[in-house]
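To keep things clear, I will list the structure first and then write my remarks on it.
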Amino acid sequence: MPVHPSTTVHVLNGPNLNLLGTREPAVYGRATLADVEDACRSTCDRHGLELVFRQTNHEGELVTLLQQAAGSLGVVLNAAAYTHTSIALADAIKAAGLNVVEVHLSNVFAREAFRHHSFISPVARGVICGLGIEGYRLAIDVLASSRAN
Ligand code: DQA
């Protein structure tokens, strides 16, 4: 658990994002999840924020990670395919009172229709999609600017 929850950003990644770099590079690019983590860490360092960075392929574990983010500055959530299916994740965000920025590497609205619906968006502060790794950086910038000084 982070030492200072109110200055901690949780970046949570869902299923198959562990395969970034080799997974459908035409859609997701060549950057690996380690590259995403490096980008998040340097952005958090620049803002003086702590970072918790996690990836899981399991929906229930994502629920637990969201619950554990209660009291944090905010969450950058790429729930991957669970975005389009999971009421449990939306409930967890509401239950924990989280400040969530939903992020997708790809432009989900330029893809299949089943990716156009998100259970996360109605309970998120905002959504960034289609900007690759840059979306994670921007999401952290937004959370940092909401920090009480
Ligand atoms: C994704 C988009 C989702 O539709 C997909 O299921 C993913 C990744 C993205 O980052 O572009 O796994 O969240």
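We count residues from 1, following the sequence as given. Just follow the structure's listing: the first ligand is 1, and inside any ligand the first atom is 1. Reckoned from all heavy atoms, side chains included, excluding hydrogens, waters and symmetry mates.
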Checking side-chain polar atoms at under 3.5 Å, does Ser42 have a donor or acceptor matched by the opposite partner on Asp45? no
Quick one: do the Ser118 and Glu102 side chains pair a donor with an acceptor below 3.5 Å? yes
Tell me whether Val101 shares a hydrophobic cluster with Val9, the cluster being built from Ile, Leu, Val, Met, Phe, Trp, Tyr side chains joined at under 4.5 Å. yes
Checking the side chain of His10 only, and the main-chain atoms of Val75 only, is there a donor and an acceptor separated by less than 3.5 Å? no
Note down each nitrogen or oxygen pair, ligand 1 side and protein side, whose separation is under 3.5 Å; give only atom names and the distance to 0.1 Å.
from     : atom 1 : to     : atom 2 : distance (Å)
ligand 1 : 4 (O)  : His84  : NE2    : 2.7
ligand 1 : 4 (O)  : Arg115 : NH1    : 2.9
ligand 1 : 6 (O)  : Ala81  : N      : 3.2
ligand 1 : 6 (O)  : Arg115 : NH1    : 3.1
ligand 1 : 10 (O) : Asn78  : ND2    : 2.9
ligand 1 : 10 (O) : Leu105 : N      : 2.8
ligand 1 : 11 (O) : Leu105 : N      : 3.3
ligand 1 : 11 (O) : Ser106 : N      : 2.8
ligand 1 : 11 (O) : Ser106 : OG     : 2.6
ligand 1 : 12 (O) : Arg23  : NH1    : 3.1
ligand 1 : 12 (O) : Arg23  : NH2    : 3.0
ligand 1 : 13 (O) : Asn78  : OD1    : 2.8
ligand 1 : 13 (O) : His104 : ND1    : 2.8

Between Ser106 and Arg111, a side-chain donor and acceptor under 3.5 Å: yes
When you check the side-chain N and O atoms of Asn13 and Tyr136, is any donor under 3.5 Å from an acceptor? yes
